[in-house]
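Below, chain A is the first sequence line, B the second, and so on; all start at residue 1.
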There are 2 protein chains.
Amino acid sequence: MFLCFKSVDQLLKTRDKILDEALRQLNEEGLDKVSIRSIAQALGISPGNLTYHFRNVDTIIQELYLELVRELDAGLQRMENATTVLTTLLELSEDNFFVFWKYRFILLDFIAITRRITEVRDHFRRLIAQRHFQFKFSIEHMIAEGLLKPEEVDGQYDKLILQSIILGNAWIPDAHIHFDDRSDAVVRFYADLFLGMIVPYLTEKGLAEYRTWLDKRPKLRYKSYRTDP
Amino acid sequence: MFLCFKSVDQLLKTRDKILDEALRQLNEEGLDKVSIRSIAQALGISPGNLTYHFRNVDTIIQELYLELVRELDAGLQRMENATTVLTTLLELSEDNFFVFWKYRFILLDFIAITRRITEVRDHFRRLIAQRHFQFKFSIEHMIAEGLLKPEEVDGQYDKLILQSIILGNAWIPDAHIHFDDRSDAVVRFYADLFLGMIVPYLTEKGLAEYRTWLDKRPKLRYKSYRTDP
DNA sequence: ATAATTTTAGTACAAATGTACTAGTTTTTA
DNA sequence: TAAAAACTAGTACATTTGTACTAAAATTAT
């Protein structure tokens, strides 16, 4: 009987419980409120126990960052069997927004994190370089399929890529400042804003596909910043 | 003679020297490396002396934030005698980029700052609301003057405004991650990227004015992320 | 000049943090 | 079952931080 209770509690091993609680605290309280002791106290375990699993908070963060990257990769592979480029891009982008939201502390405190864990910065640079390449590939593909207008001003699509990469990393801090709400409605608002960047470049055909995709989506709660409930 | 030396040293009053050194450290070392003691030590004064002028680091940050806001306002007023809307917008935006760059720690550690100093978050929300209004006004003005295309997709210009506001706040963290360079060339790169957001919305006439403005500018050193020297 | 005010130096204190260590306890392995 | 490994609790220590306080020095005002 007692063993039964215990095993229920231990279905999640201590290590995983630490990661869960750390993620919760990091997302809700912020980087500098989280310490080995605050996590241990919340879980009712000793600080010494925690240091056995993770040397310090930075190690936990590094592990959570790797989790994020793994989830992003998983999403990417699910999209291998693509129907059309544009729809795939739209779906994948929105999915990624929810993954980032789950680990939102990373983008919230990203500069502080990269200062403390240089490996994260190095890895992130490569991640962005990879996303840059994917975007470029998708855009050329969509131009060939007549979904995107051919480039009118020189280097314009290269700029669009960088603009959207920045927006894709910056919406979470922006949400933290301009919204009190922390629900999925906010994520969808920013995903919509992000995807809207491509609209002025769409052809008639592209716009039609875009609208088809939009119609499948639930109606947005927010159309601009809203801090009132 | 000694008095002379002393007065040279005190041309900048202690209070101003503290602000200068704090800004330098915050920009270069980051928020969590800066303390009353680190500033006092760098200036060769006692921590007790520093607390006389500023209760703690947060108070210094709040003062530096107000300095930033004052400089932004000053730039805005210099632009009152506008020649044309578009050129004015381009010039003002680039100027603002350099002002933000001077106080770049604020946007670098913005979330941490707003968590510690709630007044900054409240003020910033109002600042953004104001900028939102200015953008909207400028856009309608430019449409009326035939510089911008009329809105094709519903709500598209509202999205453009939000997108550019986010980019306008996010380029400094982005620069911190993707560039090792800290020179003006980086600022101009991002200013160019920011202003490029409006390009797909420009009419022939607008594009001509945009290109005229571009030609007046020095050639850009960067066209994309570059970490090598 | 002298009193009042402002500025500065120096110190002390409590709280929090990462780290290291020891000594038990539980689980796994042989 | 016994030894080995994995896990947990608890404590102690050196640092760092904001804060508060006193006393001295410098400046300003009267």
Side-chain angles (χ1 to χ4, degrees), chain A residues 1-22 25-26 29-64 105 109 112-113 115-120, chain B residues 1-22 25-26 29-64 105 109 112-113 115-120:
Chain A
M1 287 294 275
F2 295 114
L3 269 170
C4 178
F5 267 102
K6 180 154 199 184
S7 70
V8 166
D9 193 39
Q10 295 250 328
L11 268 180
L12 277 178
K13 290 282 197 302
T14 306
R15 193 189 136 89
D16 294 321
K17 287 198 295 184
I18 292 170
L19 289 173
D20 278 5
E21 176 62 22
Q25 287 192 17
L26 286 165
E29 315 284 344
L31 187 58
D32 44 354
K33 294 286 178 194
V34 180
S35 65
I36 284 178
R37 284 172 177 80
S38 74
I39 300 170
Q41 196 179 6
L43 291 175
I45 64 175
S46 70
N49 188 3
L50 211 149
T51 56
Y52 171 77
H53 292 281
F54 297 99
R55 193 182 173 76
N56 52 30
V57 178
D58 288 359
T59 318
I60 298 179
I61 291 173
Q62 203 163 358
E63 183 58 39
L64 289 171
F105 83 94
D109 291 303
I113 290 174
R115 274 197 285 242
R116 283 162 57 161
I117 315 169
T118 50
E119 289 85 0
V120 171
Chain B
M1 287 294 273
F2 297 113
L3 268 170
C4 179
F5 267 99
K6 180 153 197 183
S7 69
V8 166
D9 194 39
Q10 294 250 327
L11 269 180
L12 276 178
K13 287 284 198 302
T14 305
R15 193 188 136 89
D16 294 320
K17 286 199 294 183
I18 292 170
L19 288 174
D20 277 6
E21 175 62 21
Q25 287 191 17
L26 286 165
E29 316 284 343
L31 186 58
D32 45 353
K33 293 287 177 194
V34 179
S35 67
I36 283 177
R37 285 174 176 80
S38 74
I39 300 170
Q41 194 179 6
L43 292 174
I45 64 176
S46 71
N49 187 4
L50 210 150
T51 57
Y52 171 78
H53 291 282
F54 296 99
R55 192 181 175 74
N56 51 31
V57 177
D58 288 359
T59 320
I60 298 179
I61 292 173
Q62 203 163 359
E63 183 59 38
L64 288 172
F105 82 95
D109 292 303
I113 290 174
R115 274 198 285 243
R116 285 161 58 161
I117 315 168
T118 52
E119 289 86 359
V120 170

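In this structure, D32(A) has no side-chain hydrogen bond (donor to acceptor under 3.5 Å, both in side chains) partners at least two apart in sequence or on a different chain. Qualifying side-chain hydrogen bond (donor to acceptor under 3.5 Å, both in side chains) partners for E119(A), counting only residues two or more places apart in sequence or in other chains: none.
Applying the salt bridge (Lys or Arg N to Asp or Glu O under 4.0 Å) test to residues at least two apart or on different chains, the pairs with a partner in residues 45-64 of chain B are R15(B)-E63(B), D58(B)-R116(B), E63(B)-R70(B). Applying the side chain to side chain donor-acceptor pair (under 3.5 Å) rule to pairs touching residues 33-52 of chain B yields Q25(B)-S38(B), sequence neighbours excluded.
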Please report the C-alpha distance between F105(A) and L64(A) in whole Å, then the side-chain angles of each, then the deciding distance to 0.1 Å, and finally whether the side-chain contact (heavy atoms from CB on, under 4.5 Å) criterion is met. CA-CA 10 Å; F105(A) 83 94; L64(A) 289 171; 3.9 Å; yes

Could you walk me through whether I61(A) and V120(A) pass side-chain contact (heavy atoms from CB on, under 4.5 Å), step by step? CA-CA 10 Å; I61(A) 291 173; V120(A) 171; 5.6 Å; no

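Scanning both residues, L50(B) and A40(B), for their nearest heavy atoms gives CD1-N, 3.5 Å.
To the nearest angstrom, C1' of dT17(D) lies 19 Å from CZ of F54(B). In this structure, E29(B) places its CD atom 15 Å from P of dT16(D), rounding to the nearest Å. Note: CG (L50(B)) to C1' (dG18(D)) measures 12 Å, nearest angstrom. Here dG18(D) presents its P atom at 10 Å from CD1 of I61(B), a figure rounded to the nearest Å. Distance CD1 (I45(A)) to C1' (dT25(C)): 15 Å, rounded to an integer number of Å. Atom CD in Q41(A) sits roughly 15 Å away from atom C1' in dA9(D) (whole-Å rounding).
Put simply, the side chain of N56(B) gets close to the backbone of T59(B): a donor and an acceptor are under 3.5 Å apart.
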Measure all distances between protein nitrogen or oxygen atoms and nitrogen or oxygen atoms of nucleotides 3-7 of chain C, and list the pairs falling under 3.5 Å.
unit_1	atom_1	unit_2	atom_2	d
dT7(C)	OP2	Y52(B)	OH	2.6

Reading nucleotides 13-19 of chain C 5' to 3', which nucleotides get B (base under 4.0 Å from a protein heavy atom), which S (sugar-phosphate only), which -? ----BBB

